[in-house]
**Student:** 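Dumping the structure here so I can ask a few things about it.
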Amino acid sequence: MKIDSIQNGVVLDHITAGMALRVYKDLGLDKFDCSIAVLQNVKSNKMGKKDILKIDKSYDINLDVLGYIDPNITVSIIRDGQTVEKKKLALPQKLINIKKCKNPRCITSVETDIPHIFKLTDEENRVYRCIYCEADK
Ligand code: ZN
């Protein structure tokens with residue numbers, strides 16, 4: 001399968017097969033009016049199968065959101081048809097307004113104007129805890 005390569009934009013590669021639509025949604029790409037190619041179940045030597053997203057627009061991608069979904073995704077910045085930069089992802093130490101605390105007794109469910117902040121407490125198991133109530137969901 002061949003898709004026209006983009007001239008200026010962002011390519012997200014090595015997305016775990018089946019996760020492309022979640023990445024699409026979590027990055028808010030549905031609000032974009034540029035062309036976006038979602039490739040699913042692409043053959044990969046390294047992964048067997050993978051998903052790829054190609055976004056035909058230059059923009060600052062939220063690397064914390066991506067790192068939280070999957071730190072193994074590779075991000076390539078394309079300008080004039082060439083890859084000019086590859087960004088490395090890591091599990092973010094802090095999530096700010098990326099996920100909401102679901103504890104009904106948490107202060108964030110009462111005070112709606114304070115930010116939702118989660119801290120990485122267990123890197124291996126990817127556990128994040130709310131900094132206000134310590135809930136891990
Ligand atoms: Zn909380």
Side-chain angles (χ1 to χ4, degrees):
M1 184 174 185
K2 239 191 141 82
I3 295 278
D4 287 349
S5 47
I6 53 178
Q7 285 302 305
N8 291 289
V10 185
V11 174
L12 306 179
D13 200 349
H14 302 104
I15 302 170
T16 305
M19 294 291 282
L21 288 176
R22 175 167 172 210
V23 174
Y24 184 91
K25 214 178 123 228
D26 286 0
L27 286 176
L29 297 179
D30 51 334
K31 293 172 194 86
F32 280 35
D33 58 2
C34 63
S35 342
I36 298 172
V38 180
L39 308 178
Q40 290 186 287
N41 299 320
V42 179
K43 274 198 186 124
S44 157
N45 291 334
K46 210 163 65 174
M47 302 168 69
K49 276 195 282 181
K50 65 177 180 181
D51 289 357
I52 302 172
L53 276 174
K54 293 187 177 190
I55 304 154
D56 197 10
K57 180 182 183 173
S58 304
Y59 90 108
D60 280 330
I61 216 143
N62 189 328
L63 297 176
D64 282 351
V65 170
L66 271 185
Y68 172 57
I69 300 169
D70 184 352
N72 299 315
I73 295 172
T74 55
V75 180
S76 302
I77 310 297
I78 315 291
R79 257 179 233 131
D80 300 322
Q82 305 285 330
T83 302
V84 292
E85 196 182 348
K86 284 195 183 244
K87 291 184 190 283
K88 272 224 163 252
L89 295 178
L91 272 185
Q93 292 299 314
K94 261 190 193 170
L95 302 175
I96 300 170
N97 289 328
I98 291 174
K99 64 184 205 160
K100 287 191 168 142
C101 184
K102 291 192 183 114
N103 176 1
R105 287 185 301 265
C106 180
I107 185 165
T108 56
S109 60
V110 186
E111 308 264 340
T112 48
D113 54 346
I114 60 173
H116 291 263
I117 302 175
F118 281 75
K119 246 186 109 168
L120 182 63
T121 55
D122 180 348
E123 191 155 350
E124 204 175 321
N125 297 304
R126 293 196 198 180
V127 177
Y128 285 90
R129 285 186 191 282
C130 173
I131 64 160
Y132 306 105
C133 69
E134 309 240 293
D136 62 356
K137 295 228 170 63

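What you see is a predicted model, and the numbers here were worked out from it, not measured in a lab. Computation of the quantities below employed the complete heavy-atom set of this structure, encompassing side-chain atoms and omitting hydrogens, waters and symmetry-equivalent molecules.
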**Student:** Is the shortest side-chain heavy-atom distance between Q40 and L21 below 4.5 Å?
**Tutor:** yes

**Student:** At what distance, to the nearest 0.5 angstrom, does CD1 of I55 lie from CZ of F32?
**Tutor:** 7.0 Å

**Student:** Going from NZ on K102 to SG on C133, what distance comes out if it is rounded to the nearest 0.5 angstrom?
**Tutor:** 12.5 Å

**Student:** Is the closest side-chain heavy-atom distance between N97 and H116 below 4.5 Å?
**Tutor:** yes

**Student:** So, do I69 and M19 sit near enough that their side-chain heavy atoms are less than 4.5 Å apart?
**Tutor:** yes

**Student:** Flag yes if more than 12 heavy atoms outside D122 fall under 6.0 Å of its CG atom; otherwise flag no.
**Tutor:** yes

**Student:** Quick test of your reading of the model: are K25 and D30 salt-bridged, counting only N-O distances below 4.0 Å?
**Tutor:** no

**Student:** Calculate, to the nearest 0.5 Å, the distance between atoms OG1 and CG belonging to T16 and D70 respectively.
**Tutor:** 4.0 Å

**Student:** Which atom pair, heavy atoms only, marks the closest approach of G18 to D51?
**Tutor:** N-OD2, 2.7 Å

**Student:** Looking at every non-hydrogen atom in both residues, tell me the closest pair between A135 and C101 and how far apart they are.
**Tutor:** CB-SG, 4.3 Å

**Student:** Search all heavy atoms of L12 against all heavy atoms of I61 and return the closest pair with its distance.
**Tutor:** CD2-CD1, 3.8 Å

**Student:** When rounded to the nearest 0.5 angstrom, what distance separates NZ in K100 from CG in L95?
**Tutor:** 14.0 Å

**Student:** Mind listing the closest non-hydrogen atom pair of D136 and K99 along with its distance?
**Tutor:** O-NZ, 4.3 Å

**Student:** Report yes if the side chains of Y132 and I114 come closer than 4.5 Å at any heavy-atom pair, otherwise no.
**Tutor:** yes

**Student:** Nearest 0.5 Å, please: how far is OG1 in T74 from NZ in K50?
**Tutor:** 7.0 Å

**Student:** For a quick test of reading the model, state the closest non-hydrogen atom pair linking N41 to A17 and the distance between them.
**Tutor:** OD1-CB, 3.7 Å

**Student:** Of the non-hydrogen atoms in I78 and I6, which two are nearest, and what is the gap between them?
**Tutor:** CG2-O, 3.5 Å

**Student:** Can you list everything that forms a side chain to side chain contact (heavy atoms under 4.5 Å, CB included) with V84? Sequence neighbours excluded, please.
**Tutor:** I77, R79

**Student:** May I have the step-by-step check of side chain to side chain contact (heavy atoms under 4.5 Å, CB included) for S109 and N103, ending in yes or no?
**Tutor:** CA-CA 8 Å; S109 60; N103 176 1; over 6 Å; no

**Student:** Out of curiosity, L29 CG to Y59 OH, how far, rounded to the nearest 0.5 Å?
**Tutor:** 4.5 Å

**Student:** Would you check if I131 and K119 make a side-chain contact, meaning some heavy-atom pair closer than 4.5 Å?
**Tutor:** yes

**Student:** What verdict does the side chain to side chain contact (heavy atoms under 4.5 Å, CB included) test give for I15 and I52, after you've listed the backbone C-alpha separation in whole Å, the side-chain angles of each residue and the deciding distance to 0.1 Å?
**Tutor:** CA-CA 6 Å; I15 302 170; I52 302 172; 5.7 Å; no

**Student:** In this structure, would I107 and I117 fall into the same cluster of hydrophobic residues linked by side-chain contacts under 4.5 Å?
**Tutor:** yes

**Student:** Under the side chain to side chain contact (heavy atoms under 4.5 Å, CB included) test, which residues partner L91, sequence neighbours left out?
**Tutor:** P71, L120, E123, R126, Y128

